[in-house]
Amino acid sequence: MGLTSALNTAVFGIKYNQRQLDVTAANIANADTAGYSKKTVSANVYFDTLGNVTGVTATEVRRIVDDQIQTDYFASLADTNYAKQIADYTDRLDDIFGTRDDSSSVSTLAGELSSSLSLLVNDPGNFAAQSDVVALADAFARELNSAYSQITDLRQEADNSLARQTETVNGLLASIEDIDAAIRDATQAEISSAEMEDERDRLVEQLSGYLDVSVTKDTNNTLFIQTANGEQLYADNRASTLSFDASHSLQPGDPGNTVLVTTPGGTTYDLISASRSGSLLATAELRDDILLEAQKQLDTIAAETSLAFSNVTEAGTAVTVGLDEGFDLDVSALQPGNTITLEYTDTSGEAQTVTLVAVEDPALLPLDNSASANPNDTVYGFDISSGTPATYITNIAAALAGTGLLVSNNGSDELQVLGDNTAPTSVEGLSAEVTVTGSSDQGLGLAIFVDQRDGPELFTDALEDGGQRVGFASGISVNPELLADSALLVNYQTTPEPNSTNDPARAQYLSEALKSGATYFDPSSGIGSTSTPFQGTILDFVNHTVAFQGNQAEDAATFANSKETLTVNLAVRYEESYAVDLDAELAFMVQLENAYAANARVMQTIKDLFDELLTIV
């Protein structure tokens, strides 16, 4: 190696050492800076045809980041934020429902109402016992009102949170667009973009908490960001735009607006549907699924409790016409939502159950089987808007035309259903569930509760206008007539003569309505399923609902804790993959200083040799 080549090597070495010293000093200075990744300098050495060093470039500064751990960590952020959001709201929801040990919870008040009715059975004429029933019924209704209102507030809070999160994500995408443009320009100019890439990673890390995104690198070191199912969020250095119209008032049973994404090319898609995790998805699911389901549970409790007290069973009268047997049934008192139950054996010998549901709006017809919670029945709707029993019967006959039964008007405007001995078919039962409209002379039922949303109205579970049941928990109230006269809990008959003031019959009927008589409950409330709906008493359903909310909150908390543990572990591994080791950097700086000094000595030695040569010459 000649002196010139040695001198070039020493000069290039000093320049490379100086660049390394600068980067190492920056590593040490930023060791405690959040998100700062360790940097290294890569060098390219150039040789001539004789193998002598002709140049060294050390301009490329590289970051030390484990891409796989980073990807796993960012993905876990979406899962953790999703789980934490669900856990937070379900815990608050559990507090609203309370427990059976809470004195003001729905389950406790339902139990106390049942107990007060049992006491009234033993002393029907006791005014204090009557007043206690009314007071507990009022407390029960008010607790349902309050719980429903609190859940509505939670839904509104979630809706407002969606608006804020949408704005934040737009801001993050805009910031990524800006920093990505700077990285692109730096890459094209062959200038280090390592510091800017650190900043961009921090933005993507924040974005990953809101959405489960897929991030890849395009040419010029820029990003391509997609949703979980491949929809575009950011591409070609252009960010998509999120939009969300907040709801000022979320209506019972109705979902809120979704978050829409418009790509730079003008394509629009539903971001919630395109996501599988993240706080945005969790918030939308809470607002439209979990909290809405909780309100359905309250509506179911309110509706079934009201109907249990106010509905009476009208049994059919056995009748024989020629060789055919069946039943006659008075249908004149039917109201929207009331039902007729028909049990018969079809032509193949199979037992069948039919539920006929009265409606005033013929546009609702035909009804599907979900109109009844019973998984074993077939549902037909029939129009009663005419107000004429004869027309009701005509409509019922049309609905049952394919059953092989003989359905007709018995001549007294009563429904007659007979088996056809030639088919053969047979009828085993015919009855109607009818809501009483008055406090006396309509049987033992009593409308303890009414629907107060549009003034006191009788609750019949009508299907019109989206269903009277939807939102009923927000408007359930004690019947004003009962508030004015608690003796209605006992007095059920005025003709031909009033019943005794110590007659326990009505109190017994009302007491049994809560704690006896298993029924099917609407599976859309989340308790049970379509094929196996929850079956039990009203008290059973109330207690099961409270337990459901407690279990849901506990499961959500457990899931959130597990996800957070995973994220913390990944965060540690991720930080370790890029963090600056001060001891290692300081030791490396000493090596660099020694190398710098060595190259300087080489240069000094070559200078001395050149001086000696010049002296000889």
Side-chain angles (χ1 to χ4, degrees), residues 310-367 371-372 374 377-438 440-445 458 460-464 492-496:
S310 63
N311 275 13
V312 294
T313 301
E314 295 287 347
T317 303
V319 62
T320 300
V321 179
L323 297 177
D324 300 317
E325 297 179 348
F327 294 88
D328 287 346
L329 181 66
D330 182 3
V331 295
S332 61
L334 289 174
Q335 298 172 75
N338 288 171
T339 61
I340 296 173
T341 300
L342 167 65
E343 295 176 331
Y344 74 99
T345 302
D346 63 18
T347 56
S348 62
E350 296 290 332
Q352 302 290 344
T353 299
V354 169
T355 300
L356 295 154
V357 183
V359 300
E360 279 191 335
D361 182 3
L364 294 173
L365 303 176
L367 300 179
S372 163
N374 188 341
D377 66 353
T378 301
V379 176
Y380 298 105
F382 64 98
D383 181 14
I384 62 168
S385 60
S386 65
T388 307
T391 306
Y392 301 175
I393 295 169
T394 299
N395 294 335
I396 291 171
L400 297 176
T403 61
L405 299 172
L406 303 176
V407 184
S408 64
N409 188 324
N410 69 354
S412 299
D413 286 342
E414 291 183 341
L415 173 65
Q416 184 174 92
V417 182
L418 303 173
D420 185 348
N421 72 93
T422 64
T425 57
S426 61
V427 180
E428 280 73 45
L430 183 66
S431 63
E433 290 295 316
V434 179
T435 307
V436 298
T437 57
S440 61
D441 300 318
Q442 295 185 36
L444 296 175
L458 197 63
T460 64
D461 209 12
L463 301 181
E464 283 71 20
Y492 61 88
Q493 182 175 298
T494 61
T495 59

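Quick note: numbers below take in every heavy atom, side chains included, and nothing from hydrogens, waters or symmetry partners. What you are looking at is a predicted structure, and each value in this text was computed from that prediction instead of being measured.
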Query - Residue pair Leu356, Tyr380: steps toward the side-chain contact (heavy atoms from CB on, under 4.5 Å) verdict - result: CA-CA 5 Å; Leu356 295 154; Tyr380 298 105; 3.7 Å; yes
Report summary line: All heavy atoms of Ala358 vs all of Gln335, minimum pair found to be CB-O, 3.6 Å
**Report entry** Atom pair CD1 (Ile384) and CG (Asp361), whose distance is rounded to the nearest 0.5 Å
**Finding:** 11.5 Å
Requested in this report: Calculate, to the nearest 0.5 Å, the distance between atoms CZ and CG belonging to Phe382 and Leu334 respectively.
Outcome: 5.0 Å
Query raised in the report: Are Ile340 and Leu415 side-chain neighbours, meaning at least one heavy-atom pair lies under 4.5 Å?
Result: yes
Query - Over all atoms of both residues, closest heavy-atom pair of Val407 and Ala397 - result: CG1-CA, 3.7 Å
Query - For Asp377, side-chain contact (heavy atoms from CB on, under 4.5 Å) partners two or more places apart - result: Thr353, Thr355, Ser372, Asn374, Val379
Report task. Evaluate the criterion side-chain contact (heavy atoms from CB on, under 4.5 Å) for residue pair Leu342 and Leu405; output intermediate values, then yes/no. Result -> CA-CA 11 Å; Leu342 167 65; Leu405 299 172; 3.6 Å; yes
Report summary line: To the nearest 0.5 Å, atom OG1 of Thr422 lies from atom CG of Asp324 at 7.0 Å
Query - Check: Glu325/Ser426 side-chain N/O donor and acceptor closer than 3.5 Å - result: no
Query raised in the report: Any side-chain donor paired with an acceptor under 3.5 Å for Thr313 and Glu433?
Result: yes
Report task. Test side-chain contact (heavy atoms from CB on, under 4.5 Å) on Asn410 and Val319 and set out the steps. Result -> CA-CA 10 Å; Asn410 69 354; Val319 62; over 6 Å; no
Requested in this report: Identify, with sequence neighbours excluded, every residue that meets side-chain contact (heavy atoms from CB on, under 4.5 Å) alongside Gln352.
Outcome: Tyr344, Asp346, Glu350
Requested in this report: Taking atom types as modelled, find out whether Thr435 and Asn338 have a side-chain donor-acceptor pair closer than 3.5 angstrom.
Outcome: yes
Requested in this report: List the atom of Gly387, the atom of Pro389, and the distance in Å for their closest heavy-atom pair.
Outcome: O-CD, 3.7 Å
Report task. Look up atom CG in Leu329 and atom OG1 in Thr317, then write down how far apart they are to the nearest 0.5 Å. Result -> 8.0 Å
Report task. Please check if any side-chain donor atom of Thr494 sits under 3.5 Å from a side-chain acceptor atom of Asp441, or the reverse. Result -> yes
Report task. To the nearest 0.5 Å, tell me how far Leu400 CG sits from Leu406 CG. Result -> 11.5 Å
Query - Least distance between heavy atoms, Ala333 atom then Val434 atom - result: O-CG1, 3.4 Å
Report task. Please report the closest heavy-atom contact between Leu463 and Val359, naming both atoms and the distance. Result -> CD1-CG1, 4.1 Å
**Report entry** Smallest separation among heavy atoms of Gln442 and Gly438, with atom names
**Finding:** NE2-N, 3.1 Å
Query raised in the report: Under 3.5 Å, side chain of Glu428 to main-chain N/O of Thr345, donor-acceptor pair present?
Result: yes
Report task. Give, for atom OG of Ser332 and atom CD1 of Ile393, the distance between the pair rounded to the nearest 0.5 Å. Result -> 9.5 Å
